[in-house]
Amino acid sequence: MFGKMFFVSVILLQVFTFGLGRSLQWLFAPWIGKVGRRWLMGISYFITNGLLVGLLLELGHMMFRVVAFWMVILLFVMYAALATFILYLLLRRFVARQPLSRSLRLFAPLFVIGLLGFGMYNAYTPMVRHQTVFINKKMDKPLRIGVASDLHLGILFGARQLDKLTDIMKQEQVDMVLLPGDLMDDTVDAYLKENMKPHLQKLTAPMGVYATLGNHDWFRDQKRIKHELEAAGLTVLANQVLEVNGVLLVGRSDDLDHKRPSAEQLLEGQNTQLPVLLMDHRPTSIETHARLPIDVQVSGHVHNGQVAPANLIVRTLYRLAYGYEAIGNGHFFTTSGYGFWGIPLRLGSQSEVWVIDIKSKH
């Protein structure tokens with residue numbers, strides 16, 4: 001599967017690189033000749049395939065970010081080319097050819113710059129989304145939980161964003177904070193170097209702050225990540241069940257933990273007459289969990305695709321790639337995440353926090 005996906009990605013990169021080359025040839029056509037146009041196309045392909053070689057040679061973690069950024073640039077250039085062509089079709093009958101050509105050559109790069117600015121805004125400006133759900137179990141009082149997944153704490157997302165998250169949770173007056181996975185961006189190196197611990201320690205709630213480990217927490221540094229999270233005052237549930245003030249809280253580790261028990265196994269022998277909340281990083285087992293006595297499940301991982309059109313693609317891969325849905329016995333949430341993966345750009349998705357009010361029907 002990975003091999004096929006990589007092959008498709010390489011082919012798409014070649015197609016998009018051709019689009020970049022053609023766009024640059026058009027953009028600089030008034031000032032360059034045939035030789036210059038060939039150089040622009042050659043340089044475009046040299047950069048793309050040079051980055052791919054660097055990725056295959058595993059020239060460091062930063063190479064992933066560089067390749068991801070280049071892919072987004074290629075995509076944004078395609079969007080700009082499409083928007084420019086549409087404008088041309090709309091305006092060609094009303095604007096003289098030469099002024100229109102000059103205007104479109106100014107519009108196209110500004111459109112790319114605008115997409116980059118908007119994408120960065122979406123990555124660093126979180127939305128707060130609210131949802132109220134009613135469950136068929138008795139509760140002494142309503143419960144308000146705050147959910148923030150996929151922080152990916154690292155060199156591009158750190159102390160300032162943690163302080164903002166703390167402010168959001170305090171302002172929303174949540175009873176409990178749930179962080180369902182990918183709190184770190186593969187390692188704790190940047191977390192330690194930037195001294196993020198005091199900022200993470202500020203994140204508190206009356207009923208506690210709870211986390212599970214996602215795939216990026218599991219890749220190669222899970223022990224240190226778990227240790228640092230617990231040292232900051234978080235309770236990490238690694239395939240564990242915990243009763244908190246009359247609520248049953250279940251935390252499953254990521255799918256990369258091949259020894260993890262199923263949610264059904266975790267619930268065996270537990271008092272499921274209590275409200276059951278499940279943190280499961282990937283929304284891969286929702287239909288199975290909908291048949292269990294789980295009242296609310298919170299997941300992340302998908303990032304709502306992060307950059308369009310990936311948000312459309314992920315909808316074909318998951319029953320609930322993003323948002324909220326009541327399914328079977330429970331209420332299910334998949335958040336686009338508070339942070340981002342790789343590069344600080346989002347298009348068709350936005351950084352977010354969910355605030356969920358859980359109330360009893362009785």
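Reckoned from all heavy atoms, side chains included, excluding hydrogens, waters and symmetry mates. Residue numbers count from 1 along this sequence.
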Student: Are Phe64 and Phe157 joined in one hydrophobic group, where the rule is that I, L, V, M, F, W and Y side chains link up if heavy atoms are under 4.5 Å apart?
Tutor: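 Same cluster.
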
Student: Are the side chain of Gln273 and the backbone of Asn271 linked by a donor-acceptor contact shorter than 3.5 Å?
Tutor: no

Student: If you count heavy atoms of other groups shown closer than 6.0 angstrom to CZ of Phe69, is the number above 12?
Tutor: no

Student: Ion pair present between Arg144 and Asp175, side-chain N to carboxylate O less than 4.0 angstrom?
Tutor: no

Student: For residues Leu345 and Leu153: do they belong to one hydrophobic cluster (side chain heavy atoms under 4.5 Å, members Ile, Leu, Val, Met, Phe, Trp, Tyr)?
Tutor: yes

Student: Strictly under 6.0 Å, is that where the ring centroids of Phe111 and Tyr79 end up?
Tutor: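 No, they do not, as the ring centres are separated by 6.0 Å or more.
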
Student: Taking the side chain from Tyr338 and the backbone from Leu165, do they hold a donor-acceptor pair closer than 3.5 Å?
Tutor: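 A pair under 3.5 Å: yes.
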
Student: Can you tell me if Asn304 uses its side chain to pair, donor with acceptor, with the backbone of Asn311 under 3.5 Å?
Tutor: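 No, the answer is negative, given that no donor and acceptor are paired below the 3.5 Å cut-off.
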
Student: Between Asp254 (side chain only) and Leu213 (backbone N and O only), is there a donor and an acceptor less than 3.5 Å apart?
Tutor: no

Student: Out of curiosity, Arg319 CZ to Ser285 OG, how far, rounded to the nearest 0.5 Å?
Tutor: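 Rounded to the nearest 0.5 Å, the CZ-OG separation comes out at 13.0 Å.
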
Student: Can you confirm whether Asp280 sits close enough to Thr212 that some side-chain heavy atom of one is under 4.5 Å from a side-chain heavy atom of the other?
Tutor: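 No, every pair of side-chain atoms sits at 4.5 Å or beyond.
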
Student: Roughly how far, to the nearest 0.5 Å, is CG of Leu40 from CZ of Phe28?
Tutor: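 CG of Leu40 is found 7.0 Å from CZ of Phe28.
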
Student: Taking atom CZ of Arg37 and atom CG of Leu24, what is their separation to the nearest 0.5 Å?
Tutor: 13.0 Å

Student: Can you tell me if Tyr318 has over 12 outside heavy atoms packed within less than 6.0 Å of its OH?
Tutor: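 More than 12 heavy atoms, drawn from other residues, nucleotides or ligands, come within 6.0 Å of this atom.
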
Student: In a check of side-chain contact (heavy atoms from CB on, under 4.5 Å) between Leu278 and each of Val250, Val241, Leu237, which one passes?
Tutor: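 Looking at Val250, Val241, Leu237, the match for Leu278 under the side-chain contact (heavy atoms from CB on, under 4.5 Å) is Val250.
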
Student: Do Asn122 side-chain atoms and Gly119 backbone N/O form a donor-acceptor pair below 3.5 Å?
Tutor: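 Answer holds: no.
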
Student: Does Arg22, at its CZ atom, have more than 12 non-hydrogen atoms belonging to other residues, nucleotides or ligands within less than 6.0 Å?
Tutor: no

Student: Count the heavy atoms of every other residue, nucleotide or ligand shown that sit under 6.0 Å from CD of Gln173, and state whether that count exceeds 12.
Tutor: no

Student: Once rounded to the nearest 0.5 Å, what's the spacing between atom CE of Met139 and atom CG of Asn245?
Tutor: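 Between Met139 CE and Asn245 CG, I get 11.0 Å after rounding to 0.5 Å.
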
Student: Start with the C-alpha gap between Ser101 and Arg97, add the side-chain angles, then the distance that decides, and say whether side chain to side chain donor-acceptor pair (under 3.5 Å) holds.
Tutor: CA-CA 6 Å; Ser101 178; Arg97 182 174 181 178; over 6 Å; no

Student: Would you sort out whether Glu172 and His130 count as a side chain to side chain donor-acceptor pair (under 3.5 Å), showing the intermediate values?
Tutor: CA-CA 10 Å; Glu172 295 295 334; His130 292 83; 2.8 Å; yes

Student: Which value, rounded to the nearest 0.5 Å, describes the distance between His303 atom NE2 and Asp182 atom CG?
Tutor: 6.0 Å

Student: With a cut-off of 6.0 Å (strictly less than), are more than 12 heavy atoms of other residues, nucleotides or ligands near CD of Gln14?
Tutor: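 Yes, because the 6.0 Å sphere around CD of Gln14 holds more than 12 heavy atoms from other groups.
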
Student: Pick out which of Glu352, Gln350, Met120 makes a side-chain contact (heavy atoms from CB on, under 4.5 Å) with Thr125.
Tutor: Gln350

Student: Yes or no on salt bridge (Lys or Arg N to Asp or Glu O under 4.0 Å) for Asp189 and Arg224, after CA distance, side-chain angles and deciding distance?
Tutor: CA-CA 10 Å; Asp189 295 344; Arg224 284 206 305 164; 2.9 Å; yes

Student: In Å and rounded to the nearest 0.5 Å, what is the CZ to CG distance from Arg291 to Asn329?
Tutor: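 Here the rounded value is 10.0 Å.
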
